[in-house]
Amino acid sequence: VIEEYLRELGRLLPSTRRTRFLREAESHLRDRANALIAAGETVPEAERKAVESFGPVAVVAQAFAAAAAVYAVRRGTVLAVAALAALVVPLYLVPENTFGPAQWEAKPDSVAVTQLVALAAWLVSLALGAVAVAALLADRPRAAATLVTGAVASGLTTGVAMLVAGAVWLDHAPWTPLWATLGLMLPATAVLLGTAAGALAWVRARRPLLVSD
Amino acid sequence: VPRDAFSGHVDLLLLSVLARGPDHGYGLIDALRDRSGGAFDLAEGTVYPALYRLERAGLVTSTWREVAGRRRRVYRLTRRGTEALRRRRSEWREQVRAVETVLA
């Protein structure tokens, strides 16, 4: 009875942590059945009761799926924001300094320095983000949380530095072509909004989930 | 007590039981049932997803341990979990006081 229940549960469980949940479920069902056998039940009856008190397969699987989905969404959000942030700087800074209206050396120092700060902060953000993903995959959520907080802070620095560089540069060079202006402002805004959304999702996910469904 | 009477408070109840010391899921469920005088009657299988949620929220941690000849996932309250329990417990007491005042 227990094997059949576990087979059915395994079929319905989400892939995230399936092995762990199944092992915990099996351990629980065997403990419960053994306790009932020790209390005088026959083996089939003990197994039937153990399975019955564990709950209908569909209900248990749904509860697991709901718990896993919360974290799949969070992980997805973090990865999406990271992917966006990873694209933003190359989308603007690299072409702008390679084919664009001004090379690094042609810019006022304040713009070049601020853009270099943006570039450095972006690289730090990418590195922290990559290590955070590794920590998540290694099931180290607390380490990942710290790393993502660092990556988000660094991402915000990137966004702010890009906005400042843009503002200063437009002030110095009002002839900058429209594509360069949009190319600066749009990704910078996307970085700011993306990191803010990521930070918000992160904070909300970290709030103690004390009211269960 | 209706079967779903505890369903909105599982997390608080689990944190409360874990405050006495680390335990595995089966032990926690038995402790909950004992301490509620048998009133706690949720589907036992739904307690594990609740523990997983608490773990991902950083309120508990867990590791596999060999206990009584079987490998079990043993849960332990974190510092954040202890703080959350203290906060939620006082919120709960305020709620109960407010409801009792109205009912009286």
Side-chain angles (χ1 to χ4, degrees), chain A residues 5-6 9 12-14 16-17 19-35 49-72 74-75 136 139-146 204-213, chain B residues 3-4 6-16 24-30 33 41-75 78-89 91-92:
Chain A
Y5 184 90
L6 289 170
L9 186 62
L12 295 177
L13 277 181
T16 318
R17 306 278 178 273
T19 313
R20 167 183 159 175
F21 290 151
L22 278 177
R23 247 194 248 164
E24 277 195 286
E26 180 171 12
S27 175
H28 178 107
L29 290 167
R30 302 264 175 233
D31 279 341
R32 181 65 71 219
N34 288 342
K49 284 186 174 170
V51 160
E52 191 182 283
S53 59
F54 202 72
V57 170
V59 171
V60 175
Q62 196 193 16
F64 275 121
V70 171
Y71 298 99
R74 184 175 80 175
R75 192 174 299 193
L136 272 179
D139 207 11
R140 301 276 303 276
R142 281 200 293 176
T146 310
R204 288 179 62 179
R206 278 168 66 85
R207 268 172 48 196
L209 302 169
L210 282 171
V211 180
S212 58
D213 39 337
Chain B
R3 194 176 166 90
D4 62 352
F6 295 99
S7 63
H9 311 292
V10 173
D11 295 3
L12 173 61
L13 294 171
L14 286 172
L15 291 177
S16 226
H24 46 79
Y26 182 81
L28 287 170
I29 290 164
D30 272 358
R33 188 171 288 130
D41 193 26
L42 274 180
E44 293 173 355
T46 60
V47 167
Y48 291 92
L51 285 168
Y52 178 66
R53 266 204 323 271
L54 292 174
E55 184 174 353
R56 300 312 300 254
L59 305 185
V60 306
T61 55
S62 72
T63 44
W64 288 108
R65 290 259 174 78
E66 190 85 15
V67 182
R70 182 171 295 141
R71 262 167 72 76
R72 298 156 202 266
R73 194 90 188 169
V74 173
Y75 295 85
T78 62
R79 203 173 54 205
R80 281 184 59 207
T82 309
E83 285 161 16
L85 172 63
R86 194 182 309 125
R87 195 176 54 246
R88 187 68 182 94
R89 198 186 260 152
E91 284 170 9
W92 168 255

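Numbered from 1 within each chain, the chains take letters A, B, ... in sequence-line order.
- Contact count versus chain B (heavy atoms, under 4.5 Å) is highest, among A:Asp31, A:Val60, A:Val57, for A:Asp31.
- Distance OG/A:Ser27 to CZ/B:Arg73: 12.0 Å, rounded to 0.5 Å.
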Working for salt bridge (charged side-chain N to carboxylate O under 4.0 Å, His left out), residues B:Arg72 and A:Glu24: CA-CA 7 Å; B:Arg72 298 156 202 266; A:Glu24 277 195 286; over 6 Å; no

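- Annotation: cation-pi geometry satisfied between A:Arg23 and B:Trp64 (NZ/CZ under 6.0 angstrom from ring centroid, within 45° of ring axis).
- Residues A:Ala67 and B:Pro49 come closest through the heavy atom pair CB-O, 3.8 Å.
- With a 4.5 angstrom heavy-atom cutoff, B:Leu14 does not touch chain A via any of its atoms.
- Between A:Ala35 and B:Tyr26, the closest heavy-atom pair is CB-OH, 3.5 Å.
- Between A:His28 and B:Ile29, some side-chain heavy-atom pair lies under the 4.5 Å cut-off.
- With respect to B:Glu55 and A:Arg20, a salt bridge is recorded, a charged nitrogen being found less than 4.0 Å from a carboxylate O.
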Could you go through the ring-ring contact (aromatic ring centres under 6.0 Å, His included) check for B:Tyr52 and A:Phe21 one step at a time? CA-CA 9 Å; B:Tyr52 178 66; A:Phe21 290 151; 5.2 Å; yes

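- Taking 4.5 Å as the limit, every side-chain heavy atom of B:Glu44 sits out of range of all side-chain heavy atoms of A:Leu29.
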